[in-house]
Amino acid sequence: MSGKPLRAGGSAARIAVIAGDGIGKEVTPESIKAIRAVIDSKNQSARRQIEFIEFDWGADKFLREGVTLPAGAVEMLANDFDAILFGALGDPRVPSNQHAADILLGLRFKLDLFVNARPVELFHDRLTPLRDRSTNDVRFMVFRENTEGLYVGVGGFFKKDTADEIAVQEDVNSRKGVERIIRHAFDYARSNRLKRVCMSDKSNAMTFAHDLWQRVFKQVRQEYPEIESRHLYIDTLAMEVVRDPRQFDVIVTCNLFGDIISDLGAQLAGGLGLAPSGNIHPGRTSLFEPVHGSAPNIAGKGIANPLGSILTAGMMLDFLGWKSESESLRNAVRSTLQENFVTPDLGGDKGTVEVGDWIAARVGSR
Ligand SMILES: NC(=O)c1ccc[n+]([C@@H]2O[C@H](COP(=O)([O-])OP(=O)(O)OC[C@H]3O[C@@H](n4cnc5c(N)ncnc54)[C@H](O)[C@@H]3O)[C@@H](O)[C@H]2O)c1
C-alpha cells in the first residue's frame, strides 16, 4: 500500500470499497459512478482527486478461502484510507453469518467507529406512510452509539439446552462511550444550526446503565445552552416520532434503541432502499453503508434500488469535507424521486443501472 492519504477536507481521497454480497455488488458500482460523475462535472481547478481500491471480502472469499477479515486489514484501512464505501454482507450459503459479523462488526469495533449516523429525510411526500405529512415534516438525524451497549457480545449461558437454561447478555456502557456520543450529537446540532437535541433511554427501568446516560446528558448539555435539550423514554420516543416527527432535529441514544428507532425513521422516509448511514469516528477512517442488507430475494435481477447507496456516498463526501459534491448527489436523488424514475420497490419499473446512469447524467458528465 502507498503512503498516508490526505485526510478529510483535502482535495484528494483514497477510498476502500467493500461491495460485499448480493445487491451490495450491484448498488456499490452505481455509487462509484455517481461520485466520479459529480467530480468530473466540476471545472478543472475545482476538481477533486479520488481513488477507489476494491476488496473482495465477502461470502465468496469466505467459502473459497475461509478468510473473513484478512490479517492486517484493520491497520491497513486505518493508515492508508480516508474512508470505506461498503455495500452489504449476508449470503444464504453462510447461515452462521460469520463472515458478516467478522467483517462489519469487526470494522465497527476495531476502527472504534462510535457514531452511527442515520439521517432521516423525506425527499418526496408520496414516500411516507404517514398521512398528511410532507417533506418539511420528516427531517431529523439519529445518532446511535455504535461500539457498546448490548451489542458487545458479553454474556453467556448457564445450563444450556436444559429446562433450567439461563441466558445472560450484558449491557456495557462506559462514561467515555456515553459522553462522546452525546457530545457528538450536540456538536452536530451546533455546527448545523439545529435547535433541538433529544436523548432517549429507558432509565426508569434500566436503573444503572441508563442512570449513567442521564447523568452524562445533564452534564454535557450545560455546555450547549443555545440548544434546546430534552429527554424521552424510548417507548415514548417511538410514539412521538410517528405522531409528530416535526418535533425532532437530532436524536441520540444507545446501540439497541438506535438500531430500532433509526429503522422506524427509515420507514417514515420511504423505506430501506433509500436509507443511508455512516459509521464514523471523526478524524479517522470511517465506514459508510446503505442501511439495507444483501437482499438475496432480489440479488442478480438488476432491480435493487441504488439510491440508498448513492445517498450513503453523499454522506461520505460530506465527511471528506466535499460539501458541494455531496449536495449535488442529494439533489440528483431528489430529482429522480420527483420524476419517479425509480426501481420497483418504489413503484417504478427502472433497473439499478438505469437509475445509476440517470443520476450520473444528472450530476454531470460521465
Ligand atoms: N449492513 C449489512 O450488511 C446488513 C444489514 C441488514 C441485513 N444484512 C444481511 O442481509 C441478508 C438479508 O437480510 P434481510 O432480508 O433481513 O434484509 P434486506 O435489507 O437485505 O432486505 C429486506 C427487504 O427489503 C428489500 N430491499 C432491501 N434493500 C433493497 C434495495 N436497495 N432495493 C430494493 N429492495 C430492497 C429486500 O428485497 C427484502 O425484501 C441477511 O444475510 C442479513 O444478515 C446485512
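Atoms within a ligand are numbered from 1 in the order they appear, just like the ligands themselves.
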Judged on heavy-atom distance to atom 34 (N) of ligand 1, which of Ile303, Asn279, Ile298, Asn305 sits nearest? Ile298
Kindly state if atom 43 (O) of ligand 1 has a protein heavy atom within a strict 4.0 Å cut-off, that is, under 4.0 Å? yes
Can you confirm whether Glu223 is buried at CD, in the sense that more than 12 heavy atoms of other residues, nucleotides or ligands lie under 6.0 Å from that atom? yes
Aromatic plane relationship, His210 with Phe257 - under 30° parallel, 30 to 60° tilted, over 60° perpendicular: perpendicular
Output for pair (Phe52 CZ, Leu85 CG), nearest 0.5 Å, gives 7.0 Å
Is ligand 1 under 4.0 Å from a heavy atom in the side chain of Pro290, in the backbone, in both, or in neither? neither
Counting heavy atoms only, which of Gly58, Gly90, Ser294 is nearest atom 10 (O) of ligand 1? Ser294
Could you tell me, atom by atom, which parts of ligand 1 come under 4.0 Å of a heavy atom of Glu289? 1 (N)
Enumerate the atoms of ligand 1 whose separation from the nearest heavy atom of Ile23 is less than 4.0 angstrom. 28 (N), 29 (C), 30 (C), 31 (N)
contact_flag Leu89 ligand 1 heavy-atom lt 4.0 Å: yes
For Lys110, does the NZ atom sit with more than 12 other heavy atoms under 6.0 Å from it, leaving out its own atoms? no
Would you say the ring centroid of His231 lies under 6.0 angstrom from that of Phe217? no
For Arg93, is the CZ atom crowded, meaning more than 12 foreign heavy atoms sit under 6.0 Å from it? yes
Any protein heavy-atom neighbour for atom 1 (N) of ligand 1 (distance below 4.0 angstrom)? yes
Of all protein heavy atoms, the one nearest atom 28 (N) of ligand 1 is His292 CB, 3.1 Å
Should one rank Ala295, Gly308, Pro344 by closest heavy-atom distance to atom 20 (O) of ligand 1, which comes out on top? Ala295
Which of the numbered atoms in ligand 1 are under 4.0 angstrom from any heavy atom belonging to Ala88? 3 (O)
Would you confirm whether any non-hydrogen atom of the protein falls under 4.0 Å from atom 13 (O) of ligand 1? no
Give the ring-plane orientation class for His184 versus Tyr188, where under 30° counts as parallel, over 60° as perpendicular and anything between as tilted. parallel
Under 4.0 Å from atom 4 (C) of ligand 1, do we find at least one protein heavy atom? yes
Can you tell me if Ser134 and Asn136 form a side-chain donor-acceptor pair at under 3.5 Å? no
Can you tell me if Asn297 contacts ligand 1 (heavy atom of the residue under 4.0 Å from the ligand)? yes
Can you report which non-hydrogen protein atom sits closest to atom 15 (O) of ligand 1, along with the distance? Pro296 CD, 4.7 Å
So for ligand 1, is Ala304 a polar contact partner (N or O within less than 3.5 Å, distance only)? no
Closest to atom 24 (O) of ligand 1 (heavy atoms only, candidates Asn97, Leu272, Leu104) is Leu272
Is a side-chain donor or acceptor of Arg108 paired with a backbone partner of Asn279 at a separation under 3.5 angstrom? no
Protein heavy atom at shortest distance from atom 19 (O) of ligand 1: Gly293 N, 2.7 Å
For Gln169, I'd like to know if atom CD has over 12 heavy atoms of other residues, nucleotides or ligands within 6.0 Å. yes
List the steps and the verdict of side-chain contact (heavy atoms from CB on, under 4.5 Å) for Glu240 and Phe248. CA-CA 9 Å; Glu240 290 299 316; Phe248 303 102; 3.9 Å; yes
